[in-house]
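Notes follow the structure.
First the proteins, then the strands, lettered A, B, ... as listed; each starts at 1. Owing to the predicted nature of the structure, the values given are computational and were not obtained by experimental measurement. Because only heavy atoms are used, hydrogens play no part in the values below, and waters and symmetry mates are left out as well, while side chains stay in.
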Amino acid sequence: MRVEYINPFVESAFNVMREVLQCDVKRGELYLKSTSMPVMGVAAIVGLAGDVEGRVLFDMDKPTALKIASTMNGEDLASLDDLAKATITELANMITAQAVTKLHELGFRFDLTPPAIFTGENMEVSNQDVEALIVPMETPQGKVEINVAVRERA
Amino acid sequence: MSVQTAERQQAEVRDEKKERAEKVDYKMVTFSLAGKEYGIDIMNVKEIANAGRFTYVPNAAPFVRGVYNLRGDIISIIDLRVMFHLPAERKNDDAMESLLILRVDDHVFGVIVDNIDKVVGVSRAGIQPPHPIFGDINVKYIKGIIENQGKLFIILNVEKLFAVKSDDEQPEAAPVARAPLGAAVMAPQAVIDERTLAPVAGAAAAADVNAEFVRETLFAFKRFGVSAVNEAWFLTRYAEWKASRSEADVQLREVAEADEFLGPFYSPSTGALWSTEYADAVLAALPPLQSRSINVWNPGCGKGYETYSIACLLRRAYPEARIKIWANDSDLLAISMAPNMVFSPESVPEQYMDMMVKGRNGLTFNQSIRDSIFFEFHDVMNSNPVPPVDCILCRDTVSFLSTTDQNKLLADFGEKSKHGGAVILGTNERLPLDGWNRTSGELVSVYVREA
């Protein structure tokens with residue numbers, strides 16, 4: 001993944017999360033991964049197109065998703081209903097959109113697809129041939145992993 | 001009596017040959033690409049045309065020139081020369097290109113070639129299978145070779161080239177246009193001799209248990225894997241090391257000692273822009289690059305000094321070419337500074353000055369140099385999505401991998417390199433692959449792949 005892309009994603013993830021959750025967010029060590037990896041339970045995905053192709057995946061477990069959705073809505077949500085899912089989707093959208101805006105300012109053209117959310121147990125995501133940059137974020141609500149896999153169009 | 005028989009036999013052979021040559025059961029349309037003659041089965045050719053002003057399609061593969069309205073049908077136009085990495089004459093937008101309109105299954109599309117010649121009738125029996133070491137075009141896409149009136153024609157396999165769904169061998173290949181690109185990458189793999197690369201407990205080394213320990217500690221402390229890539233250097237250096245120390249003090253006890261041992265290993269101009277002497281030696285050893293676009297892969301680029309050095313070197317040697325360098329490193333800290341590297345004027349050798357611009361904090365390389373480089377945070381052990389390259393620059397990187405990983409990376413070199421392409425290794429590294437020839441002296445280590 002191009003070095004120029006890394007910071008916008010990390011920064012916007014950090015800023016947006018801190019803003020919407022109104023609390024301290026810690027960023028873990030970045031690393032690369034190319035094998036298939038388990039999904040913790042709730043995954044929101046946003047596709048990228050344009051100069052690059054790829055996707056950004058926001059991965060967290062169900063209790064974390066519920067807590068984040070509750071915090072963002074300012075009410076206690078008991079189950080992962082439509083509202084909760086829409087909230088997580090929106091979070092994914094905000095983070096990706098802000099990153100893409102930053103990249104635009106640097107002269108890279110990206111388009112976004114509408115986000116989609118997947119929930120379930122024992123899921124796995126695999127991208128053959130594309131390695132993913134993992135940005136782990138620690139929030140008081142739990143761990144969120146942002147998994148960015150983009151590559152230059154050949 | 002026997003003379004008669006022989007004569008009769010000869011006559012028979014002659015007749016047979018004549019008959020074979022005369023029986024025309026295969027017609028092909030012939031054309032040229034970069035001066036060579038090719039043919040395509042006439043059953044696949046719908047028509048030929050001259051056309052220009054194709055409508056550009058954003059984000060299409062590089063060899064797709066655009067789409068064209070052929071009497072109401074929109075067809076895509078593919079430039080065969082770009083597809084095969086052959087030099088293509090760039091015409092202005094209004095100029096007409098020679099088009100073959102092909103039909104494969106239900107798909108109709110146009111391919112651009114240099115010149116369309118004529119229809120040639122030949123005998124199917126005369127088609128000979130392609131030789132596996134054909135230069136420009138992957139042998140997979142060649143149906144065969146035929147001789148006609150003193151000229152050799154390479155017959156392309158259109159079905160394979162433009163297969164909508166490629167079969168078995170390429171599960172990851174996507175639809176029409178993309179498939180061949182992926183396939184072009186699958187150049188015949190260079191064979192690595194597993195034995196030579198395995199951690200060598202060879203005759204010379206076995207005699208000395210200390211040498212074994214040094215090998216192991218080098219890997220433990222510095223992840224330096226002794227293998228055929230650097231064996232020669234290791235043995236010389238070990239002898240030197242042993243001679244300079246007392247018997248009890250040969251082994252490496254700490255990281256600092258391992259650093260000291262490896263001190264002379266690093267290539268000249270490590271962690272700095274290449275000196276004139278080194279750059280000249282590299283350029284002298286590189287084969288002349290023909291194509292207008294030069295692709296370079298630089299795994300393990302570190303802070304990016306060598307990447308900028310080779311970018312400047314190629315820019316000076318080929319001012320007209322389109323240069324693209326994929327530089328990657330798995331050390332995020334090192335590489336994250338690379339795209340915006342700033343130099344102080346006194347640290348820059350004279351020959352780079354004309355490619356730099358003054359910024360607020362010091363000198364940076366100009367936009368054209370910077371635009372030619374992609375710095376990527378990437379681990380070469382994961383799949384390497386670089387296109388076929390003319391040159392691989394990988395100094396003192398292979399050695400710092402485990403021997404298994406070295407094998408994998410070297411196999412990737414064979415896969416990603418074009419025929420006639422070059423690999424630049426660290427000064428003390430050797431390339432233990434068949435089919436590569438060393439073209440340099442001692443200062444640099446350059447290998448060129450046989451065409």
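For B:Leu332, the part sitting under 4.5 Å from any heavy atom of chain A is the side chain, from C-beta outward, and nothing else. In this structure, chain A has a heavy atom under 4.5 Å from the backbone of B:Ile373, while its side chain stays farther away.
Within 6.0 Å of CE on A:Met123 lie more than 12 heavy atoms contributed by other residues, nucleotides or ligands. More than 12 non-hydrogen atoms from other residues, nucleotides or ligands lie less than 6.0 angstrom from CD of A:Glu75. Counted within 6.0 Å of NZ on A:Lys102, heavy atoms from surrounding residues, nucleotides or ligands total more than 12; the atom is thus considered enclosed. Heavy atoms of other residues, nucleotides or ligands lying less than 6.0 angstrom from CD of B:Gln367 number more than 12.
With values rounded to the nearest 0.5 angstrom, B:Phe374 atom CZ is found 13.5 Å from A:Arg151 atom CZ. Between B:Asn328 atom CG and A:Leu32 atom CG the span is 10.0 Å, to the nearest 0.5 Å. One finds the CG atom of B:Asp379 at 13.0 Å from the NZ atom of A:Lys33 (value rounded to the nearest 0.5 Å).
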B:Glu376/A:Met1 under side-chain contact (heavy atoms from CB on, under 4.5 Å): CA gap, chis, key distance, verdict
CA-CA 5 Å; B:Glu376 292 179 316; A:Met1 181 155 119; 5.8 Å; no
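Residue B:Ser336 comes nearest to A:Val3 through the heavy atom pair CA-CG1, 3.5 Å, listed as atom of the first residue, atom of the second, then distance. Taking every heavy atom of both residues into account, B:Phe377 and A:Ile6 meet most closely at CB-CD1, 3.4 Å.
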